[in-house]
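The structure displayed is predicted, hence computed values, not measured ones. Counting starts at 1 for both ligands and their atoms, in listed order. Residue numbers run from 1 in the order of the sequence given.
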Amino acid sequence: MIWTTEQRYRRIEDARPDEVTQLKEKVKACKWRQTFHIQPETGLLNDPNGFSYYNGEYHLFYQWFPLGPVHGLKYWYHTKSKDLVHWENVGVGIEPSSYFDSHGAYSGSAIEHEGKLYLLYTGNTRDENWLRHPYQCLAIMNEQNEIQKLEHPVIASIPNGYTDHYRDPKVWKEGSLFYAVIGAQRESKDGCAVLYRSSDLLNWQFQGELSTNLKDFGYMWECPDYFELDEQGVLLFCPQGIMPKEDNFHNIYQSGYILGNKLDVNNLSMPHGSFHELDKGFDFYAPQTIQAPDGRRILVGWMGLPDIEYPTDNSGWAHCLTLPRELSIRNGKLIQQPVKELESLRGEQQNVEDLLNHDKKVYDAFSGTAFEMICHFENYDAEEFGIEFRAGEIEKTIIKYDAAERKVVLDRTLSGESVAEDYGTVRKGYLKAQKIKFHMYVDTSSVEIFVNDGEEVFTSRIFPNSDSQDIRFFSNGKTRFNATKWDYQ
Ligand code: FRU
């Protein structure tokens, strides 16, 4: 189906009678609905927004176009949770309803202030010539989860030197001052991040551009996020327009980080190392982090990418969010681990321990469509070993270690219905290790694999048939392994 601009920019109230009911039925019938991931009831989900802990609960909003699987008029949809695992749908958080967000309540972030939750977001507007005019807007949520928008934007203009690609404020507090980074494009058509400062979240002063050593690094940086961890500064952002290089940057757009000294908010410098992708999988973008009440830095991403069609489109919905991950720094690298709260999803447990010797083996009860599994491979004397899962007669998704090349490889060539094949069907990440641990969360249409306690993560959607449920362990030499699997409960 081709979506016209009019169809994309419709509000929920503009839907034809029965349209939403029919859409809900279509979505319900989809065989790729997830079981333990945040997904939209209908339509399209993209970036996580306003991730916060407020009034005793986690709040997580997301970009949402309700009426179909396309990037149309965006709302903020509100979900909340007490444990980061079980999420309750609250309903629409921010509607695009005013002059300053007429074409979408775009991405943004949240911070608690004077007992209320302040939501800073980009109001997307288009004029009669379809030219973009972004405003940075504010909405305030009270303890009853009622959200009120301010009538006027808090940042109403774009400073000289930048284009109308100016969006996605991420706010934090340092001492008594608030700061926000915003993703921007210079007039010279390259991407960067800019910094603002405020003492009350209402009046913001432009501080300038964050100075990095990344020159000509894409034409736009979306969704920046700055935080400090272990006395170091971390800037996450999503550069668009980076060319593939060896095993890196093969997705349509990238999502990664630079790590270095803490940002000096006065001279805007942050000496840093090179840019690393956060995730080596096929579907990961626009992550956002928060600091949990116990001090952990937790990240949630969008398990999808802009400008790519997905097989669920035909069923009236698209995308989900990733599981929450705890961040840490190990040897100058950002490490991601599933949050410990996810253990509460563990149901029935199976164990196996065996020696693989030039073979591929299956075990009773090692099968399924939604499960968690931890697998250790040790003492390997093989060039290649790994796991096939969501496997059937023809279909299979493969995670393996190529010991000869020292690379972890995720292969979705035969995963089921194809996605974005123009961008390749195999992803690789270099990892030198004597032992390999795959910690995987498989849901109906996705997989997140944490390799060696978060050294690398591979996050991907997969679209297999419902009856492709086998799990097979293989090695082309001698390899000892043990695996524990928990059904999802
Ligand atoms: C990233 C993004 C943001 C924008 C939002 C719109 O995926 O393009 O830059 O605010 O999505 O939905």
Side-chain angles (χ1 to χ4, degrees), residues 3 5 8-9 11 40 43-51 60-78 92-96 100-110 119-126 132-139 153 155 158 162-171 180-185 191-194 218-225 236-242 251-256 278-279 283-289 299-310 317-322 420 459 461:
W3 285 72
T5 305
R8 282 173 192 261
Y9 284 87
R11 304 169 47 78
L44 180 140
L45 161 159
N46 58 304
D47 315 353
N49 291 160
F51 192 14
L60 179 53
F61 302 78
Y62 56 76
Q63 285 286 286
W64 186 44
F65 176 61
L67 299 178
V70 290
H71 290 270
L73 183 63
K74 296 287 172 68
Y75 290 68
W76 275 37
Y77 191 86
H78 186 186
V92 167
I94 303 179
E95 329 179 38
F100 297 105
D101 58 14
S102 59
H103 289 67
Y106 272 14
S107 285
S109 54
L119 311 170
L120 186 63
Y121 69 100
T122 300
N124 181 51
T125 71
R126 299 273 194 174
R132 213 187 263 273
H133 299 282
Y135 299 96
Q136 313 311 318
C137 304
L138 192 68
I155 300 174
I158 298 169
Y162 300 95
T163 74
D164 54 4
H165 285 286
Y166 204 79
R167 56 180 174 266
D168 310 336
K170 176 74 188 348
V171 61
V181 270
I182 293 184
Q185 180 183 60
C192 64
V194 296
Y219 57 80
M220 169 64 189
W221 291 6
E222 293 190 314
C223 302
D225 186 348
L236 310 184
F237 60 100
C238 296
Q240 301 186 307
I242 306 290
N251 294 340
I252 183 169
Y253 305 128
Q254 272 46 67
S255 170
L278 269 165
D279 195 288
D283 306 284
F284 182 89
Y285 201 68
Q288 195 171 86
T289 71
L299 172 147
V300 169
W302 167 27
M303 212 193 296
L305 284 166
D307 304 330
I308 300 278
E309 289 176 4
Y310 282 75
W317 72 286
H319 311 306
C320 62
L321 297 181
T322 69
T459 298
R461 297 303 300 278

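Close contacts between ligand 1 and Tyr106 involve ligand atoms 4 (C), 6 (C), 10 (O) [criterion: under 4.0 Å to a heavy atom]. For ligand 1, the atoms sitting less than 4.0 Å from at least one non-hydrogen atom of Asn46 are 5 (C), 6 (C), 7 (O), 11 (O), 12 (O), numbered in the order shown with element in parentheses. Close contacts between ligand 1 and Tyr285 involve ligand atoms 1 (C), 7 (O) [criterion: under 4.0 Å to a heavy atom]. Residue-ligand proximity, Ser107 to ligand 1, at heavy-atom distances under 4.0 Å covers atoms 5 (C), 10 (O). Using a 4.0 Å cut-off to heavy atoms of Lys74, the atoms of ligand 1 that qualify are 12 (O). Every atom of ligand 1 is numbered from 1 in the order shown, and the set under 4.0 Å from a heavy atom of Arg167 is 3 (C), 4 (C), 9 (O), 10 (O).
Nearest protein neighbour of atom 4 (C) of ligand 1, counting heavy atoms only, is Asp168 OD1, 3.5 Å. For atom 8 (O) of ligand 1, the closest non-hydrogen atom on the protein side is Glu222 OE2, 2.9 Å. Of the protein's heavy atoms, Asp47 OD1, 2.7 Å lies nearest to atom 7 (O) of ligand 1. In terms of protein heavy-atom proximity, atom 12 (O) of ligand 1 is nearest to Gln63 OE1, 2.6 Å.
Side-chain contact of Tyr310 with Asp283: a donor-acceptor pair under 3.5 Å is present, judged by distance alone. A donor atom on one side chain and an acceptor atom on the other are not found under 3.5 Å apart for Gln288 and Asn49. With 3.5 Å as the limit, one finds a donor-acceptor pair spanning the side chains of Asp307 and Tyr253.
Considering backbone and side-chain atoms together, Trp302 places no N or O closer than 3.5 Å to any N or O of ligand 1. Polar contact check, His71 against ligand 1: no nitrogen or oxygen pair lies under 3.5 Å apart.
Ring-plane geometry between Trp64 and Tyr62 is classed as perpendicular, the angle between the planes exceeding 60 degrees on a 0 to 90 degree scale with a lower cut at 30. The aromatic rings of Trp221 and Phe237 lie parallel to each other, with less than 30° between the two planes, well short of the 60° mark.
Checking each of Tyr121, Tyr135, Tyr106 against Phe100 for a ring-ring contact (aromatic ring centres under 6.0 Å, His included) leaves exactly one that passes, namely Tyr135. Partner of Lys74 under the side-chain contact (heavy atoms from CB on, under 4.5 Å) criterion, chosen from Asn124, Asp101, Leu44: Leu44.
A distance below 6.0 Å separates the ring centres of Tyr9 and His103.
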